[in-house]
2 protein chains.
Amino acid sequence: MYFRNPIPNSLPRERLLDAAERAVLETGAGHLTLDAVAKFAGVSKGGLLHHFPSKDALLEAMLERYLKDIETQVAERCAGRGGTLTAIEQFRERVRVLLEQHPERRAAGAALIAASADKPDLMAHCRAEYREVLDELAALPGGFERSALVLLAVDGLLLGELLRLSPYTPEERSRLVKALLKAVDQCGRIQ
Amino acid sequence: MYFRNPIPNSLPRERLLDAAERAVLETGAGHLTLDAVAKFAGVSKGGLLHHFPSKDALLEAMLERYLKDIETQVAERCAGRGGTLTAIEQFRERVRVLLEQHPERRAAGAALIAASADKPDLMAHCRAEYREVLDELAALPGGFERSALVLLAVDGLLLGELLRLSPYTPEERSRLVKALLKAVDQCGRIQ
DNA sequence: GTCACCAGACCGTCCGGTCGGTACAGTCGC
DNA sequence: GCGACTGTACCGACCGGACGGTCTGGTGAC
């Protein structure tokens, strides 16, 4: 199970990051302003800048929290299943973390589009983490292509939703998630 | 083959749209400003605003050109192959248009992230077009999930590149495109 | 002339960031 | 206990620059 304070976050820094994610999703990544974040968080701009000395610092913190959060959740879920998991099983948990996010945390990916829009250089960090995951998956029996395609489809769903491009109904979405998890298992088969 | 003036576009409107795409890719979707576009196009702000009365108009035109361009290219390629193509063959051409874009037109997708960042409501148009494509694909023998997953993977690759999230080398990328085209053919098989 | 096309000065607003100040909780000497 | 002092959290007025958009004027084609 996942917690990290589903209901209004008590830690001020976390509350501010939540507010920033909301601001991005509700007004668009191009309208992420300090005033907007402060207003969403119910705090003054001074208060916001007390915790994050600059907008860049805010963006970095958003991205860092997003990435760390995913790894933490994947690790937790793997630990929760006990024993040592195969690479496929770990992949499966990662996909589930990415796509079956708790509703309260659905906004987390906003960090991606905010950083990309405002300070694209920050994305280097993300690419590097992506690369690591990819290299692990390439070692699966199914080979590089098959795993990468599953990962790409996960990205497509996630990014499509963030950019408001995705036209899928919730029912269709859950069918797709199910199909993706099945595709993950296929990565375990020898090509 | 694809043309639409590979070398510096002669039509002023098109040149300005090209410049806007470049501005987005080089500085990030959040830094798409009229001044930047004008500078990239080698024109004054007045000149830019003569062709696009407002920033919103520019964004709309970018998006419209992007969408229309894809449909035009798909239609051209289908026509080029002569006879009536099956749904699978058309799907195949669409994937190739989306992923094997002429280098000069690689920037076209910038319209997506620019609109999403600056005026998310414009994305409704894109969602609707996406929906249409999706409904056609759902009728394929492979069923909804299989086609949608391929489309999602295409999105993942495309959007990942636009957001600078994609860590794939050119060599890996072409392997992925090949694998995707094979996956398209799988959509023709009965489930 | 006039009309499309363009230049660039200009204006009001917005945005990131600074700064001086307030509130309050601790804590240390006495 | 009590006053002096320190550190943390926060407020909000303010500044300079950037940005979207207006306006005036110019230039070349016809």
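Every chain is numbered from 1, with letters handed out A, B, ... down the list of sequences.
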| task | Identify whether the distance between the nearest side-chain nitrogen and carboxylate oxygen of A:Glu161 and A:Arg106 falls below 4.0 Å. | result | no

Tabulate protein N/O versus nucleotide N/O from nucleotides 10-12 of chain D, keeping only pairs under 3.5 Å, one per line.
residue : atom : partner : partner atom : Å
D:dC10  : OP2  : A:His51 : NE2          : 2.2
D:dC11  : OP2  : A:Ser44 : N            : 2.8
D:dC11  : OP2  : A:Ser44 : OG           : 2.9
D:dC11  : O5'  : A:Ser44 : OG           : 3.2

| query | Whole-Å distance between C:dA4 C1' and B:Leu49 CG? | reply | 16 Å

| said: Nearest whole Å is fine: how far is D:dC14 C1' from A:Asp35 CG? | reply: 13 Å

| task | For DNA chain D, determine which residues of residues 56-64 of chain B have any heavy atom closer than 4.0 angstrom to one of its atoms, and list them numerically. | result | none

| request: For B:Asp185, enumerate each residue passing the side chain to side chain contact (heavy atoms under 4.5 Å, CB included) test, keeping only those at least two apart in sequence or located in another chain. | output: B:Ile88, B:Arg92

| request: Describe the nucleic acid contact of A:Leu34 in one word from base, sugar-phosphate, nothing, applying a heavy-atom distance below 4.0 Å. | output: sugar-phosphate

| request: Could you tell me whether the side chain of A:Glu60 reaches within less than 4.5 Å of the side chain of A:Phe52, counting heavy atoms only? | output: no

| request: Find the distance A:Lys55:NZ to C:dC15:P and express it as a whole number of Å. | output: 9 Å

| said: Show every side chain to side chain donor-acceptor pair (under 3.5 Å) that has at least one partner inside residues 108-119 of chain B, sequence neighbours left out. | reply: B:Lys55-B:Asp118, B:Asp56-B:Lys119

| request: Scan residues 116-123 of chain A against DNA chain C and write down, sorted by residue number, each residue with any heavy atom closer than 4.0 Å; if none is found, say none. | output: none

| query | Is the backbone N or O of B:Ala107 less than 3.5 Å from a side-chain atom of B:Arg22, with the two atoms forming a donor-acceptor pair by type? | reply | no

| said: How many whole angstroms separate atom CG of B:Leu32 from atom P of D:dA18? | reply: 17 Å

| task | Would you mind checking if B:Glu136 and B:Arg94 are paired as a salt bridge, meaning a charged N to carboxylate O distance below 4.0 Å? | result | no

| N-O pairing of A:Glu14 and A:Arg65 below 4.0 Å | yes

| task | Would you indicate whether the side-chain heavy atoms of B:Asp155 and A:Leu159 approach each other to under 4.5 Å? | result | no

| field | Side chain proximity check, A:Asp121 to B:Arg164, heavy atoms < 4.5 angstrom | value | yes

| query | What's the CZ-P distance between B:Phe52 and C:dC6, to the nearest Å? | reply | 11 Å

| remark: Residue pairs passing the ring pair (Phe, Tyr, Trp, His ring centres under 6.0 Å) test with at least one member in residues 111-138 of chain A, sequence neighbours excluded, are A:Tyr130-B:Tyr168

| message | Taking atom CD as the centre, does A:Glu100 end up with more than 12 heavy-atom neighbours from other residues, nucleotides or ligands that are less than 6.0 angstrom away? | response | yes

